[in-house]
J.: 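Before anything else, here's the structure in question.
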Amino acid sequence: MLTVQSLKKSFGAHRAVDGVSFDVQPGEMLALIGPNGAGKTTTFNMINGQLAADAGQVLLDGHDMLGLDPRQIARLGVARTFQVAATFASFTVMENVQTALLAHHQRLFRFFGPARHQYTDEALALLEQVGMVDQAQRPCSELAYGDVKRVELAMALASQPRLLLMDEPVAGMAPGERRALMEQVAALAHQRNMAVLFTEHSMDVVFAHADRIVVLARGALIASGRPEVIRDDPAVQRVYFGSSAGQSEETPQLGTQPAQSPEHSLADVPRSVLLDVQQLNAWYGAAHVLDDVTLSVRQGEVVALLGRNGAGKSTTLKAMMGLLARADGRVSFMDTAIMGMTPHRIARLGLGYVPEDRRIFTDLTVAENLRCGQQPARHWPDGTAAPVWNTAMLFEYFPNLAQMASRTGEQMSGGEQQMLSVARTLMGNPLVVLLDEPSEGVAPVIVEAMARMIDVMRERGVAVVLAEQNMGFAARVADRAYVLEKGLIRYDGSMASLMRDEATRRAYLAV
């Protein structure tokens with residue numbers, strides 16, 4: 001169905017894709033994996049016409065697609081989902097899928113009746129396939145990120161593609177949701193004889209659903225074969241898996257363990273409460289999504305916010321950071337009431353925020369992004385000096401960033417942008433950092449780097465609030481946990497106790 005031959009792309013002196021070749025058969029699920037910056041998304045963008053290739057061929061049923069624009073490629077039967085989900089935020093879920101169906105049937109510019117009355121049965125059938133029919137009338141702006149990804153998949157399937165390109169298709173979803181969605185995609189691939197090329201950092205998804213795997217590193221193909229062959233390939237383990245090779249995302253261990261057990265790390269020295277939240281409520285329109293959430297975070301403590309997709313984790317972080325149009329309750333940071341403050345004023349007090357969608361300046365270099373985040377040194381509540389971060393220190397912790405200091409954000413992979421977003425926040429010398437899904441969409445070796453960075457923050461006294469789907473990662477780094485369900489706190493205790501409490505995990509975290 002798809003043949004890629006000697007594909008090349010450079011950005012200035014940086015060779016992003018260097019002579020990559022592979023093929024995808026009808027009905028096959030082919031995974032394209034590799035470390036962040038390996039060239040996966042660049043390859044997708046050339047296949048789909050978002051980027052012009054420097055050299056090579058991309059053949060669909062033997063016909064070269066290079067030089068065609070994305071719309072022409074879509075008309076040939078190629079559909080695409082993106083690493084950062086692309087939906088119409090102000091449209092309802094139903095309207096997004098109807099728009100895709102109108103485009104497929106070439107009726108976008110025919111004005112014979114309201115569009116919302118068109119193709120309703122087909123739209124509902126697609127939403128049923130991706131598990132979103134019960135949210136059909138909600139605006140996409142109110143959805144959890146994992147649900148937005150499901151809507152985007154339904155939109156891609158609306159064109160009845162022969163080739164489906166999926167860039168990080170299950171980002172933001174819990175493990176059970178990931179498996180269910182990819183099982184549905186695999187079933188559709190076999191039923192429709194549809195070729196599927198996907199890139200994904202969740203190894204559970206890759207090894208459970210890929211028929212074959214192609215591995216890229218620094219723009220070159222280093223391995224190709226069936227999952228069991230790739231899992232044992234020494235080169236792949238060295239550049240991609242790190243010490244977490246073969247582990248499930250639900251495994252509590254990930255890489256090396258902290259120097260001290262999180263359950264006892266805070267018992268020796270009394271720590272000041274830096275962030276105190278009382279009876280926090282939040283709404284999206286008329287939907288009440290947080291219900292009297294109460295939590296606290298102490299100096300040098302890592303607190304995990306856990307819960308199923310849509311439970312309110314990211315909303316809690318946004319409400320604390322002043323990013324929601326409607327929220328009430330009491331939020332105190334360093335004994336200062338911050339509820340109702342604008343986000344930039346909250347940030348200047350020393351509350352750092354790393355959003356799930358990164359929000360870096362894509363037209364600035366890595367070094368310029370870091371300088372944009374720089375703020376003065378700070379002090380702890382007792383008057384002692386708080387830790388100061390600088391570019392040289394952060395380049396030591398994130399050596400990949402040091403190698404691309406002069407590269408612009410638009411030339412970075414999603415995982416590299418994630419590292420930059422964390423580093424830029426630390427340049428503000430925060431006392432508390434709010435981290436939204438830091439392990440999502442990054443390679444296992446980068447997940448380990450993130451875990452080590454959180455350990456460093458803890459050791460320096462910086463507190464971390466972590467909204468996370470990856471239980472293995474949360475268990476690796478967190479001291480305490482709060483479990484949310486439908487905007488309510490259902491568990492408040494140590495992370496170690498939660499990992500022993502199978503009943504609570506099954507009730508509020510399992511899918």
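Sequence positions, counted from 1, serve as the residue numbers for this chain. The analysis underlying the following values was restricted to heavy atoms, covering all of them including side chains, and did not include hydrogens, waters or symmetry mates. These numbers were taken from a predicted model, which means no experiment stands behind them.
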J.: Search all heavy atoms of Asp436 against all heavy atoms of Ala467 and return the closest pair with its distance.
T.: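 Residues Asp436 and Ala467, closest heavy atoms: OD1-CB, 3.7 Å.
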J.: Does atom CZ of Arg359 have more than 12 heavy-atom neighbours, drawn from other residues, nucleotides or ligands, at distances under 6.0 Å?
T.: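 Check fails, neighbour count at 12 or below.
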J.: For the CD atom of Gln118 and the NE2 atom of His105, what is their distance to the nearest 0.5 Å?
T.: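 These two atoms lie 10.0 Å from each other.
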J.: Quickly, which of Leu434, Leu324, Leu290 forms a side chain to side chain contact (heavy atoms under 4.5 Å, CB included) with Lys318? Name it, please.
T.: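 For Lys318, the side chain to side chain contact (heavy atoms under 4.5 Å, CB included) test succeeds with only one of Leu434, Leu324, Leu290, which is Leu324.
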J.: State plainly whether the residues Asp54 and Arg15 are in salt-bridge range, i.e. N to O under 4.0 Å.
T.: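 No, this pair does not count.
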J.: Could you walk me through whether Val464 and Val303 pass side chain to side chain contact (heavy atoms under 4.5 Å, CB included), step by step?
T.: CA-CA 6 Å; Val464 177; Val303 174; over 6 Å; no
J.: Between Leu394 and Leu401, is a side chain to side chain contact (heavy atoms under 4.5 Å, CB included) present by the stated rule, with each step listed?
T.: CA-CA 8 Å; Leu394 292 167; Leu401 294 182; over 6 Å; no
J.: Would you kindly check if the NZ (Lys) or CZ (Arg) of Arg505 is within the cone defined by 45 degrees around the ring axis of Tyr508 and under 6.0 Å from the six-membered ring centre?
T.: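 The answer is no, since Arg505 fails at least one limit relative to Tyr508.
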J.: Can you name the side chain to side chain contact (heavy atoms under 4.5 Å, CB included) partners of Leu221, sequence neighbours left out?
T.: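 So Leu221 forms a side chain to side chain contact (heavy atoms under 4.5 Å, CB included) with Val214, Leu216, Ser224.
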J.: The test is salt bridge (Lys or Arg N to Asp or Glu O under 4.0 Å); show your working for Asp61 and Arg162 and say whether it passes.
T.: CA-CA 10 Å; Asp61 279 341; Arg162 293 186 295 153; 2.3 Å; yes
J.: Roughly how far, to the nearest 0.5 Å, is OG1 of Thr315 from CG of Leu323?
T.: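 Leu323 CG to Thr315 OG1: 11.0 Å, rounded to 0.5 Å.
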J.: Taking all non-hydrogen atoms of both residues, which atom of Leu157 and which atom of Arg192 are closest, and how far apart?
T.: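 Of all heavy-atom pairs spanning Leu157 and Arg192, the closest is O-NH1, 3.7 Å.
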J.: One thing to verify: whether Arg506 and Asp501 come together as a salt bridge, which I'm taking to mean a side-chain N less than 4.0 angstrom from a carboxylate O.
T.: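 A salt bridge is absent here (no side-chain N lies under 4.0 Å from a carboxylate O).
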J.: Distance check, rounded to the nearest 0.5 Å: Phe44 atom CZ versus Leu197 atom CG?
T.: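 It comes to 4.0 Å.
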J.: Assess Arg452 against Tyr397: is NZ or CZ under 6.0 Å from the centre of the six-membered ring, and within 45 degrees of the ring's axis?
T.: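 That pair does not qualify as a cation-pi contact.
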J.: Is there a donor-acceptor pair closer than 3.5 Å between any side-chain N or O of Arg138 and the backbone N or O of Glu142?
T.: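 Yes; judged by distance alone, with no hydrogens or angles, the pair exists.
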J.: I need the minimum non-hydrogen distance between Ala79 and Ser159, along with the two atoms involved.
T.: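 Heavy atoms of Ala79 and Ser159 come nearest at CB-OG, 3.7 Å.
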J.: I need the Lys313 NZ to Glu468 CD distance, nearest 0.5 Å.
T.: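 That separation rounds to 9.0 Å.
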J.: CG of Leu165 to OG1 of Thr41: how many Å apart, nearest 0.5 Å?
T.: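 With rounding to 0.5 Å, CG (Leu165) is 11.5 Å from OG1 (Thr41).
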J.: Once you round to the nearest 0.5 Å, how far does CE of Met132 lie from CE of Met94?
T.: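 Met132 atom CE to Met94 atom CE measures 12.5 Å (nearest 0.5 Å).
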J.: Would you call Lys40 and Asp167 a salt bridge, taking side-chain N to carboxylate O under 4.0 Å as the test?
T.: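 Salt bridge: no.
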J.: Taking all non-hydrogen atoms of both residues, which atom of Ala154 and which atom of Leu127 are closest, and how far apart?
T.: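 Looks like CB-CD2, 4.3 Å.
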J.: For Arg71, run the side chain to side chain contact (heavy atoms under 4.5 Å, CB included) check against Ile73, Leu68, Asp69 and tell me which one passes.
T.: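 The residue from Ile73, Leu68, Asp69 that satisfies side chain to side chain contact (heavy atoms under 4.5 Å, CB included) with Arg71 turns out to be Asp69.
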J.: Are Tyr491 and Leu498 close enough, and set up right, to give a side chain to side chain contact (heavy atoms under 4.5 Å, CB included), and what steps lead you there?
T.: CA-CA 8 Å; Tyr491 173 88; Leu498 178 61; 3.8 Å; yes
